[in-house]
Amino acid sequence: MSRYSFKDVEAKWQAAWEEHRCFSADEDDRRPKYYVLEMFPYPSGRIHMGHVRNYTMGDVVARFMRARGFNVLHPMGWDAFGLPAENAAIERGIDPAEWTYGNIDTMRRQLKALGLSLDWSREFATCDQAYYHQQQRLFLAFLAADLAYRKESWVNWDPVDHTVLANEQVVDGRGWRSGALIERRKLSQWFFRTTAFSDALLEALGELDRWPDRVKLMQQNWIGRSEGARILFRLKGRDDRLEVFTTRPDTLFGASFCAISPNHPLTLALAEENPDLADFVARCNRLGTSEEAIETAEKEGVDTGLRAVHPFDPDWDLPVYAANFVLMDYGTGAIFGCPAHDQRDLEFARKYDLSVVPVVAPEGVDPASFGIGEEAFTGDGRLINSRFLDGLTVAEAKAEAARRLHAGGDGETTVSYRLRDWGISRQRYWGCPIPVVHCRECGVVPVPEDALPVVLPRDVRFGEPGNPLDHHPEWKHVPCPACGRPAFRETDTMDTFVDSSWYFIRFCSPHAGRPVDPAAASYWLPVDQYIGGIEHAILHLLYARFFTRAMAKIGYVDLEEPFSGLFTQGMVCHETYRDEAGKWLFPTEVARQDDGSVVHAATGRPVTVGRSESMSKSKRNVVDPETIVATYGADTARLFMMSDTPPDRDLEWSDAGVEGAWRFVNRLWRMIAESDLPVAAAGTPAPSGLDPRGSTPAAETLRAVHKAINDVTSDLERFGFNRAVARVRELTNAVAVLSDTDEAAAWVRRQAFETLVRLIGPMMPHLGEALWEQLGHQTLLASAPWPEADPRLVMDDTVTIAVQVNGKLRGTMEMPRDAAEGEVRSAVLALPVVAEAVAGRPPRRLVVVPNRIVNVVV
RNA sequence: GCGGGCGUGGCGGAAUUGGUAGACGCGCUGGACUCAAAAUCCAGUUCUGGCAACAGAGUGUCGGUUCGACUCCGACCGCCCGCACCA
């Protein structure tokens with residue numbers, strides 16, 4: 001039996017698509033536009049299965065939409081700046097540019113082998129001079145529009161390597177290379193003013209109706225708008241006041257302490273005189289800068305000795321603690337603690353033996369007996385123990401407390417956001433240089449337009465502490481563009497999130513000599529369907545949304561939301577393997593024995609099988625897509641990626657699953673290309689002997705064809721790729737059992753084959769083209785229209801109605817579709833099972849759901 | 001710690017969104033073909049009891065709403081993603 005020869009077929013059709021320029025997009029087109037984009041890859045070296053999954057999904061959408069008559073833009077590029085290139089330079093002495101472009105060449109070749117319908121003429125890498133040149137222009141425009149500015153902020157400092165570390169380079173509070181305890185350090189850095197759009201970014205979420213709810217919810221919580229009050233506490237024996245932010249001014253009478261951040265200016269001032277406090281601040285600084293590390297640390301504080309005067313009672317004062325869970329970046333960096341109604345405050349109060357006075361009691365609970373144990377009460381209720389607030393609801397008390405604070409000059413209502421401005425400075429080499437010069441006389445001076453781009457120098461040295469740009473005197477020292485006196489370049493480069501915040505805009509006019517060609521951008525944008533990992537649900541997507549608004553504000557685009565549709569796909573997972581020494585092993589290094597145990601293939605020694613995790617190089621639980629494509633072909637790999645697992649869930653890699661996909665590819669080939677049953681010639685009219693609504697096998701198969709078109713179409717519209725594959729397989733099974741050889745069957749077989757080929761086209765484009773040719777077509781399947789279902793053949797004339805007695809299934813019956821309710825009732829009551837259950841008495845109730853179910857309640 | 005999500009046969013999953021739980025595939029079992037194997041084809045396959053017809057149980061756990069719950073509500077358990085310098 002012949003096998004489908006994927007190697008020749010895939011090469012042949014990839015060449016044909018390229019020759020006919022099938023996938024290059026042009027704005028000059030009468031069809032409606034459709035921009036589908038998958039998150040572009042970081043060129044890490046080789047593509048991994050996650051890429052195959054992501055890009056296959058995008059390709060199915062692109063090919064499907066093309067078939068449905070859209071002018072599709074489907075571009076690809078490279079998110080090419082970032083840490084790994086520098087690590088390669090440090091560890092192996094490889095030039096970051098060489099390393100990156102080498103990786104891109106490899107990965108481009110690998111992606112091309114997948115047969116993706118991409119417009120490669122638009123390809124670029126973010127490390128291309130042409131790209132970062134335009135990004136530098138955007139930075140300067142942001143600077144001029146006050147959307148970029150400088151301020152001090154904290155970094156992780158490795159005191160041994162004298163280097164700023166990324167959060168992921170801090171492991172258990174220590175530098176990953178040096179092992180030294182890291183410290184927080186303050187540096188002057190560049191920021192983008194994301195908070196200028198806090199409200200806009202929040203409110204526009206409501207209009208993103210093709211985004212997953214969970215992503216919108218995560219963004220909403222991240223922006224974290226909260227209404228509350230700023231309260232000014234007098235400090236005993238001092239003239240300055242402590243400004244505190246709270247969302248619960250109603251609980252002021254339950255206050256038992258104030259707490260300020262270890263980085264609060266007041267803490268730092270007091271620490272100069274107070275060694276205990278200084279020691280505490282130093283300890284907090286060793287936690288690093290990540291919020292996760294700070295919040296998971298045990299709650300701790302040091303009494304500063306200050307006393308804060310209660311705004312509603314001059315004779316009442318509260319201790320002021322410096323506490324490690326108070327974040328300097330949120331609110332005012334200071335809080336008042338009400339332990340009865342906030343869990344963190346409660347834990348802190350229990351630890352330092354501070355009073356816990358409930359001031360809100362749930363409705364209907366006796367205030368006298370309402371006490372707080374291990375859990376703070378955060379629900380609604382009425383105020384108690386609160387003097388003039390007693391008896392008010394929480395909402396009323398909030399308003400009243402705010403009114404009194406305002407009247408007394410002790411505070412104001414205010415809105416606070418969790419969202420912070422975006423720090424974009426990186427003390428690294430492999431990124432987009434920030435195009436400014438520092439002059440002793442003129443301050444910060446933008447690099448003039450005609451001196452752009454500020455090019456990354458290639459002759460840099462790695463291996464010494466700090467940023468290589470800092471150690472490159474010829475690059476760093478330049479005359480001031482304003483006054484001509486000696487000055488120096490900014491040596492910080494931009495966060496790589498900046499690069500990925502506008503690449504989708506650049507794809508509209510990738511070769512323009514300015515950031516954006518307005519005509520191209522207004523034609524293609526917004527991205528109609530964006531596809532990428534859920535891990536980007538917050539940062540990348542929020543930064544891209546901000547950046548689009550910022551570009552709109554300064555006139556580059558006429559658009560606020562960049563992505564009108566979003567789909568987040570799950571990861572690709574595989575079990576992990578370790579040998580006796582605990583070393584990670586590749587799946588190709590292990591063998592499964594007949595008894596199910598797993599051993600090292602080369603040595604026969606036992607192997608520990610770990611749970612399935614996201615494929616990662618470090619754990620070696622990876623399967624190389626190139627091997628799979630070489631063994632089974634791209635279509636098999638693509639089909640496996642789309643089968644079985646819903647695209648938003650994690651996919652478990654399985655060799656058996658790939659084999660299953662491979663078998664189906666061959667089954668289709670045999671059935672259609674090597675059919676030994678009669679198939680009508682293309683274009684033959686329907687034979688008069690065929691009644692499409694009849695009960696012959698041919699008619700039933702024909703109806704299965706139209707149902708499949710209908711189902712696959714709606715599945716693909718809803719990202720139900722796994723369901724679409726199941727429907728295609730069902731149709732294949734239905735056609736396979738049609739063994740009649742008459743004229744009607746031959747004609748139906750032709751309809752079925754043509755339909756199958758067109759339905760699989762988006763998923764298995766090479767096999768699709770090959771079969772399309774076998775069916776006698778001279779044209780490309782890539783340019784063939786999507787099939788249309790005949791609505792009259794989609795629905796059957798009869799339906800199966802389930803019959804329940806007291807909610808339990810007792811049988812089924814066939815009824816004409818849309819039968820009158822009276823007919824259904826009498827048919828049900830005539831059923832023996834029902835008659836027996838009813839036993840002569842009329843049923844208490846008879847629930848009839850048309851065409852679906854009847855429930856007899858006795 | 002905080003925010004978000006997920007949980008269905010031996011396995012991946014389906015279920016028209018409150019109406020026949022287990023489509024489709026993998027695996028397994030039996031059969032056909034073959035000297036044999038592979039490939040292919042056919043049949044069976046949620047669990048328990050039964051030769052069978054059939055009966056009972058069943059969608060992470062416990063409880064609730066409903067004629068009816070995988071689906072809605074509450075509590076809990078487990079796992080995953082994010083936490084602002086990984087991309």
Side-chain angles (χ1 to χ4, degrees), chain A residues 1 3 39 41-42 44 79 81-84 155-156 164-170 189 194 212-215 217-222 224 289-299 325 329 343-344 347 418-428 495-497 500 533-540 542-543 568 570-571 573 611 613-614 643-646 648-652 654-657 659-661 663-664 666-667 670 711 714 720 722-723 725-730 732-733 736 800-804 806-812 843-847 849 852-857:
Chain A
M1 191 158 307
R3 288 265 183 120
M39 291 180 185
Y42 178 79
S44 55
D79 188 12
F81 277 134
L83 276 177
V155 294
N156 300 308
V164 177
L165 298 181
N167 283 338
E168 76 156 4
Q169 299 173 321
V170 178
Q189 309 203 64
T194 38
D213 288 338
R214 65 177 189 284
V215 173
L217 197 53
M218 281 190 262
Q219 293 222 348
Q220 181 184 312
N221 292 337
W222 185 262
T289 58
S290 91
E291 189 173 311
E292 186 187 2
I294 292 164
E295 291 224 4
T296 48
E298 198 190 336
K299 298 182 190 20
F325 63 88
D329 290 315
Q343 193 60 32
R344 272 194 309 198
E347 280 163 35
R418 214 184 70 96
L419 182 67
R420 309 199 292 256
D421 281 339
W422 172 15
I424 61 150
S425 280
R426 297 292 180 269
Q427 293 70 40
R428 300 188 215 295
D495 179 4
T496 55
F497 272 128
S500 55
I534 184 68
E535 67 273 20
H536 296 291
I538 296 178
L539 290 180
H540 163 59
L542 193 65
Y543 289 145
T568 54
M571 296 174 306
C573 299
R611 64 186 182 81
E613 294 181 59
S614 172
S643 307
D644 300 344
T645 305
D648 54 351
R649 257 197 245 178
D650 287 353
L651 179 145
E652 174 66 27
S654 89
D655 294 335
E659 291 280 349
R663 275 201 294 271
F664 186 61
N666 283 286
R667 186 177 179 210
R670 278 196 309 273
D711 291 346
S714 67
N722 56 322
R723 288 187 300 250
V725 171
R727 297 289 85 85
V728 168
R729 296 186 105 122
E730 245 169 6
T732 308
N733 293 341
T800 308
I801 292 179
V803 179
Q804 295 183 337
N806 289 336
K808 276 191 190 294
L809 184 71
R810 285 293 177 254
T812 59
R844 280 205 293 152
R845 198 168 159 187
L846 201 63
V847 182
V849 181
R852 213 168 278 288
I853 201 168
V854 176
N855 190 9
V856 186
V857 185

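Quick note on labels: first sequence line is chain A, next is B, and so on, each numbered from 1. Values in this document were obtained by computation on a predicted structure and should not be read as measured data.
Rounded to whole Å, the P atom of rA43(B) lies 30 Å from the corresponding atom of rG56(B). If you take atom C1' in rG64(B) and the same atom in rG30(B), they sit 47 Å apart, rounded to whole Å. The gap from the C1' atom of rG7(B) to that of rU20(B) amounts to 24 Å, rounded to the nearest Å. Straight-line distance between the P atoms of rU61(B) and rC67(B): roughly 25 Å, to the nearest whole Å. To the nearest whole angstrom, the two P atoms, one in rU48(B) and one in rC42(B), are 28 Å apart. Taking the C1' atom of each, rA69(B) and rA53(B) are spaced 30 Å apart, rounded to whole Å. For the P atoms, the distance from rA55(B) to rG63(B) is 26 Å, rounded to whole Å. rU71(B) and rU66(B): their C1' atoms are spaced 13 Å apart (whole Å).
Across all strands, Arg845(A) comes closer than 4.0 Å to base atoms (heavy-atom distances). Among the protein residues, Ala537(A) comes within range of no part of the nucleic acid, since none of its heavy atoms lies under 4.0 Å from any strand. Residue Asp329(A) is out of contact with every strand shown, counting any heavy-atom pair closer than 4.0 Å. At the heavy-atom level, Lys808(A) lies under 4.0 Å from the strands shown only through sugar-phosphate atoms.
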Tabulate atom names and distances for all N/O pairs under 3.5 angstrom spanning the protein and nucleotides 43-48 of chain B.
none

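Shown here are the side-chain hydrogen bond (donor to acceptor under 3.5 Å, both in side chains) partners of Gln804(A), two or more places apart in sequence or in another chain: there are none.
A straight line from CZ of Arg667(A) to C1' of rC24(B) spans 11 Å, rounded to a whole angstrom.
A syn orientation is assigned to rU17(B), its glycosidic angle lying within 90° of 0.
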query: How does RNA chain B look in dot-bracket form if you count Watson-Crick and G-U pairs under 3.5 Å, write [ ] for pairs that cross, and put | where a base pairs with another strand?
result: (((((((..(((......[....)))((((((.......))))))((((....))))..(((((..]....))))))))))))....

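Residue Ser290(A) comes nearest to Asn167(A) through the heavy atom pair CB-ND2, 3.7 Å, listed as atom of the first residue, atom of the second, then distance. Across Met39(A) and Gly533(A), no two heavy atoms sit closer than the pair SD-N, 3.8 Å.
Two residues are said to be in side-chain contact when any heavy atoms from C-beta on lie closer than 4.5 Å; Arg344(A) and Glu295(A) meet this criterion. Using a 4.5 Å cut-off on side-chain heavy atoms (C-beta onward), Asp79(A) and His540(A) make no contact.
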task: Heavy atoms under 4.0 Å is the rule here; annotate nucleotides 81-87 of chain B 5' to 3' with B where the base is hit, S where only the sugar-phosphate is, and - elsewhere.
output: SSBBBSB

query: How does protein reach along nucleotides 69-74 of chain B, written 5' to 3' as B (base within reach of a heavy atom under 4.0 Å), S (only sugar-phosphate), or - (no contact)?
result: ------

field: Under 4.0 Å protein heavy-atom contact, by nucleotide of nucleotides 11-21 of chain B - B base, S sugar-phosphate only
entry: -BSSSB--BB-

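No side-chain N or O of Asn806(A) forms a donor-acceptor pair with one of Arg844(A) less than 3.5 Å apart.
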message: Walk me through whether Glu730(A) and Arg727(A) qualify under salt bridge (charged side-chain N to carboxylate O under 4.0 Å, His left out).
response: CA-CA 5 Å; Glu730(A) 245 169 6; Arg727(A) 297 289 85 85; 2.8 Å; yes

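Counting only distance, with no hydrogens or angles, the side chain of Asp650(A) and the backbone of Met571(A) share a donor-acceptor pair below 3.5 Å. A donor-acceptor pair under 3.5 Å is formed between the side chain of Asp421(A) and the backbone N or O of Thr194(A).
Taking every side-chain heavy atom of Arg670(A) into account, rC41(B) is the closest of rC26(B), rG3(B), rC41(B).
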